[in-house]
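In what follows, chains carry the letters A, B, and so on, assigned in the order in which the sequence lines appear, proteins first and then strands, with residues in each chain numbered from 1. Just so you know, these numbers use all the heavy atoms, side chains as well, and skip hydrogens, waters and symmetry mates.
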Amino acid sequence: MSTDSKSQDLMTKQLTEVKTRVAKVLELAKSLGADGAEVAMSRQQGLSVSTRMGEVENVEFTNDGALGITVYQDGRKGSASTADLSEQALNKAVTAAVNIAKYTSVDDCSGLADKDLLAMNPQDLDLYHPHEISTEAAIELAKECEQSALSADERICNSDGASFDSFTGFKVYGNSHGQLVGYPSSRHSLSCVMIASEGDDMERDYAYTVNRDFSLLDSAENVGLAASKEVLSRLQPQTIATGKVPVLFRADIANTIWGHFIAAISGGNLYRKSSFLLDALGNDIFPEFLNISERPHITKALASSAFDSEGVLTKDREIITDGALQTYLLTSYSARKLGLSTTGHAGGIHNWLVNAKGHDGEFDAMLKTLGTGLLVTELMGQGVNVVNGDYSRGASGFWVENGEITYPVSEITIAGNLADMFKGIVAVGSDVDMRGSIRTGSVLIDEMQVAGH
Amino acid sequence: MNSVEKALLTDSHIDDEILAKTLASMMGRKVDYADLYFQASQHESWVLEDGIVKEGSYNIERGVGVRAISGEKTGFAYSDDISPIALQQAADAAKGIADAGTGAQVKAFTRKPAIQMYQSVEPLGSLSQEQKIELLHQVEAHARQVDSRVKQVIASLSGVYDTVLVSASDGTYATDIRPLVRLNCSVLVEDNGKRERASAGGGARTDYSYFFEVEPGANKARYLSYAEEAVRQALVNLVAIEAPAGNFPVVLGAGWPAVLLHEAVGHGLEGDFNRKGSSAFSGKVGQQVTSELCTIVDDGTLANRRGSISIDDEGTPGQYNVLIEKGILKGYMQDKHNASLMGVAPTGNGRRESYAHLPMPRMTNTYMLAGESSPEEIIKSVKKGIFAPNFAGGQVDITSGKFVFTSSEAYLIEDGEITSPIKGATLIGNGPEAMKKVSMVGNDLKLDAGVGVCGKDGQSIPVGVGQPTLKVDEMTIGGTQ
C-alpha cells in the first residue's frame, strides 16, 4: 500500500510538472504570433520482459516521451512534434510549427474545438493502477505462462516466447482556450505465442490478458493453457470447397467487423466521400435487433477517456438503435466540413457495447444457430475497401457441422460486401470479449463467399 | 570527426573514452556483446487536399539505445537524453540481465568508412517551402487535368534526414547519414454515382530533386507520372467486375507485386525465426524450396533505393545476399546476435525502427532475378486465370507458411488475352508450396517505385521489392463469384 501511494505522489508531482511545461509551450506559441494553439504531451515508462523455452530473452526498460503542438494563425495551421523533450528541442518544435503555419493555406474548417464543448474539469475514470514489480518477478510470470503451455501437450514443441509488459504514463492536453487537463494511466499485459507440430504441419497461436489493474489479469497458468488449446486445435488443417456458407466470427476477432463500420462512419472518410455509408444517418444499417452504445466513462476500462484528443468532453452515445445509425464519428474539423458538431471522436472511439437482444446466446448456442458452416478465428491481410464496402480477407478457423466443430480450416478466403454483411447479421453472441475497446460477442453472418479448393 | 559525430557525441560532451568506458562497464558483468546506438532524425510532411495545403508537420527524434547481450539474453534500455549520465544509467539498466557469458573485452574502435549507397544529403532543405507547396499543387493540377472524373486529390510530400552512430564492444564504430523522400498522390474518381480511390507514388534515399527527374524509359517527370498512375488505377477499378472465387493460375506483374516474395519467402528467411526453428523454412538450407526458375536475393547495396543501407543498424555494411539460387535455399538474413548464435556471419540485415527499438534481422531490397520468358508469352500461356499488376499489401504466418496479399489492380485472363478488370481480392497461399508452382519467370525484372514499409514486432522500416513478370500455376483467389 505504501509503495502505491508513494508512486501516486510521484505521478501527481510529474503530472503537475508536465502541465507547467505544456502551459509554457502554449505561452511561447502565443509570443511567436500564433492566435491559437494546442499541445499534447505524454510520458510512458515501463518494463517489458520476454522469455523463450524457459530462458530470459529480452529485458527492456522503456521510457518514452513526446510532445506535439499545433498552432493556428489567421486560419492557417502548422504542426510539429518531438520525442526529445529538452528545452532546446521544445523551442525548436514550437518555432517549426509557427513557421509551417506561414506556408499552409487558410482553411475555414480548421481550428481548436469550440470552447463550450471542452472538458474543463474532466472526471477521474480510475485508469491509474501502478504495480511495482521487480524484473525477476516479471520474468517468473512470463516463465510460468510459457511453462503452462509447454507442459500441456507433447505436440507443443516450440515457443515464440511469453512476455509480460507493465507501463504507466500520463497524457496532458492544453490549448489557448485555457484548457489544461491530464490524467495518469496504467496498462499491464501477459501473453504467449506457442508453436505445435504434427506430421509435416507446424502451427502457431497465442493468448493474452490485459488490464489497467494488475490484480485483474488472468493467471499466467490460464493464459498458457489458453494458448496451448488454441494452437493444438489448429493442427492438421484442411481447406474447404469453394462456395457460399454462413460464417461465424468468433468474439475475439468480431471486433474487426465493427472496426470496418467505424471507418465507414468516421468524419474523415465521409467528407472525402470515401465511404459506402454516405448520407446514412437514420438509415437501417443493421437488423432491427442490433444496438450499439458508446460508454466513455466506464471506470478502469481500456478505451475510457473523459475527453478526446482535442479536449472535447466525451458523452454516452447511442451509435445504433434498433439497427439504425444514430450518429457519425466526428472531430471538430470533419464536423465543420459536414456542417455538424463534433461528437468527441478525435483519436477514436471510447468503449463500444454491442447488444443483440433476443438474437444472442453463449458460444455453443451460436454454433447451433450456425448449424453447418464456417467458424472464423483468424483473419489475414487488409482486403477491405471502405469506399465501396468490398471485403476479401484470408481466414482460418473450423468447419462446423450441425452445430459441432469438426476439423480446423486454413488457407481459404472469405469475401462479400460490408453493406450486405451488416444486413446479414443473424445473431451476436453473449460470449463477450471484454479485453478491447469494442465489447462484442461472436457475430454470425448469414452467407459469405468462401474460396478454398 | 564527421558531422554526425559532432552532432551526436561531441555536442553532448561524449567522446571515444566515454564510449569505451560505458561499453567496458557492461562487459564487466560477463556480457558477450554490447552496443550503443545514437540517433538524431528530422522528418517533415506536407499534405495538399481539395486545393489547399491542409497540413504541414515537422518532427524531431533524438536519443540513444543501449544493448547488452549474454547468450540468448538481451538487456535493453534507451533514453531521449544524450548525455554521459543518461548513457551510464541506460547501460546500468541494460547490463542487469547478464549472469553468464565469456567475459569478452571491448576491442579498440576501428573507423572503417563503409561504401556509400546514397549521398549524405539533407533533403528537407533541398527545396524551399514555396517550392514544396508548388510541387504538390502541380501534382493535383495534373491529376485533375488527366480526367474529368477525378473529384478529389490528396498529394503528400515527406522527407527524412536520419543520422546514426553505432559503437560496439567488437570494435565497431560507424556512422551513417540516411536521407529518404517520398511523394504520393491519392485520387477519388466518380462516375454515375460510383466511386473508387487509388494512389500512386514513389521515393528514394536522396533529396526532393528526385521527383523532377524523368525515370529511364519514361517521357515525363516522376511527379507527373505518379498523378497519372493514380488516376489510371482508379479508373480501371471504376469498371471492375466481381472477382472470381477459387483456384486459378495467376500472372503477377513486374515490380511491386514482389510483395509476394517479401511475404511468401522473405520473412520466413529472417535469421531469428530460423534460429528458433519457428519458420516454415527452418533447417532447409541446401534444399529445394522454390521452383528452380527462382533466384531470389536481398540487396542492401542498390544505389539510392528506399530499402538500401550503407551500414545496417549494427554497423555491418549493407550486402548483396543470395537467399535462394535456382530454387535451392542458400542462407538466411542475419543480424549479429542471431548470426553468432547460429555460427554464421552477419549479413548486414540488422535493422531497427529507431534508438528506442531493438535491432532484428530484417529485409532491405528483396527481389527475384530475371528469367527467360517474355511477359507476352507468359500471358498467352494462360487459358483462364488472373493477371495482377498491382497490390495493396500482404501478411504472413511464418510458422505455417500461409500468406496473403491483396490486389489493387487485376484482370481476368481468358484464352491468353487480358480481358475485364476485376475488383480487389485477397490471394492466399502457402509460401513454400506456392513458390514451387512458379512455372514461368519473365525477362523484365523491375523494382518497385520506392514506397514499401515493412512491419515486424511493431517496428516499421522502409524496404524495397522487385521481380519480373511471373506465373504461379495455382493460387486461391478470394473473389465473390
Can you find a heavy atom in the side chain of Glu60(A) that is under 4.5 Å from one in the side chain of Val49(A)?
->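 Side chain of Glu60(A) against side chain of Val49(A), heavy atoms only: no contact under 4.5 Å found.
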
Do the side chains of Val187(B) and Arg197(B) get nearer than 4.5 Å, heavy atoms only?
->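 No - every pair of side-chain heavy atoms lies 4.5 Å or more apart.
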
Taking every non-hydrogen atom, the tightest pair across [X] and [Y]:
X	Y	result
Leu418(A)	Tyr391(A)	CD2-CD1, 3.7 Å
Arg234(A)	Ser396(A)	NH2-OG, 3.6 Å
Gly46(A)	Phe167(A)	CA-CD2, 3.8 Å
Ala264(A)	Leu270(A)	O-CD2, 3.5 Å

Against chain B, work out which of [options] has the most heavy-atom pairs shorter than 4.5 Å and name it.
options	answer
Asp390(A), Asp84(A), Asn158(A), Ile100(A)	Ile100(A)
Thr51(A), Thr104(A), Asn99(A), Thr242(A)	Thr104(A)
Arg272(A), Arg393(A), Gln382(A)	Arg272(A)
Asp201(A), Ile139(A), Thr62(A), Val106(A)	Thr62(A)
Glu55(A), Lys92(A), Lys273(A)	Lys273(A)
Ile414(A), Val387(A), Thr239(A), Thr135(A)	Val387(A)

Is the backbone N or O of Lys73(B) less than 3.5 Å from a side-chain atom of Ser70(B), with the two atoms forming a donor-acceptor pair by type?
->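 Looks like no, no N/O pair under 3.5 Å.
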
Mind checking the SG-CD1 spacing from Cys157(A) to Ile195(A)? Nearest 0.5 Å is all I need.
->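 Going from the SG atom of Cys157(A) to the CD1 atom of Ile195(A) covers 7.0 Å.
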
Is [X] in contact with chain B via its backbone, its side chain, both, or neither, using a 4.5 Å heavy-atom distance?
X	result
Leu47(A)	neither
Ser48(A)	neither
Tyr333(A)	side chain
Ala395(A)	backbone
Asn58(A)	both
Ser275(A)	backbone

What residue, out of [options], has the most heavy-atom pairs lying under 4.5 Å from chain A?
options	value
Ala40(B), Ala245(B), Gly56(B)	Gly56(B)
Ala425(B), Ser407(B), Ala77(B), Ser278(B)	Ser278(B)
Ile52(B), Val47(B), Ile60(B)	Ile60(B)
Gly393(B), Gly478(B), Gly246(B), Ser408(B)	Gly478(B)
Gly63(B), Gly277(B), Ala392(B), Gly401(B)	Gly277(B)
Gln129(B), Arg62(B), Glu72(B), Glu196(B)	Gln129(B)

For [X], which atoms come within 4.5 Å of any heavy atom of chain A: side chain, backbone, both, or neither?
X	result
Ala93(B)	both
Val396(B)	backbone
Ser282(B)	neither
Glu55(B)	both
Phe405(B)	neither
Leu358(B)	side chain
Thr406(B)	side chain
Asp50(B)	side chain
Ile154(B)	side chain
Ala243(B)	neither

Does [X] come within less than 4.0 Å of [Y], counting only side-chain N to carboxylate O?
X	Y	answer
Lys151(B)	Glu190(B)	no
Lys276(B)	Glu57(A)	yes
Lys54(B)	Glu49(B)	yes
Asp272(B)	Lys456(B)	yes
Lys402(B)	Asp397(B)	no
Lys77(A)	Asp107(A)	no

Quick one: are the ring centres of Phe281(B) and Phe273(B) less than 6.0 Å apart?
->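 No.
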
Count the heavy atoms belonging to other residues, nucleotides or ligands that lie under 6.0 Å from CD of Gln88(A), then report whether that count exceeds 12.
->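 For Gln88(A), atom CD is not crowded (no more than 12 foreign heavy atoms under 6.0 Å).
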
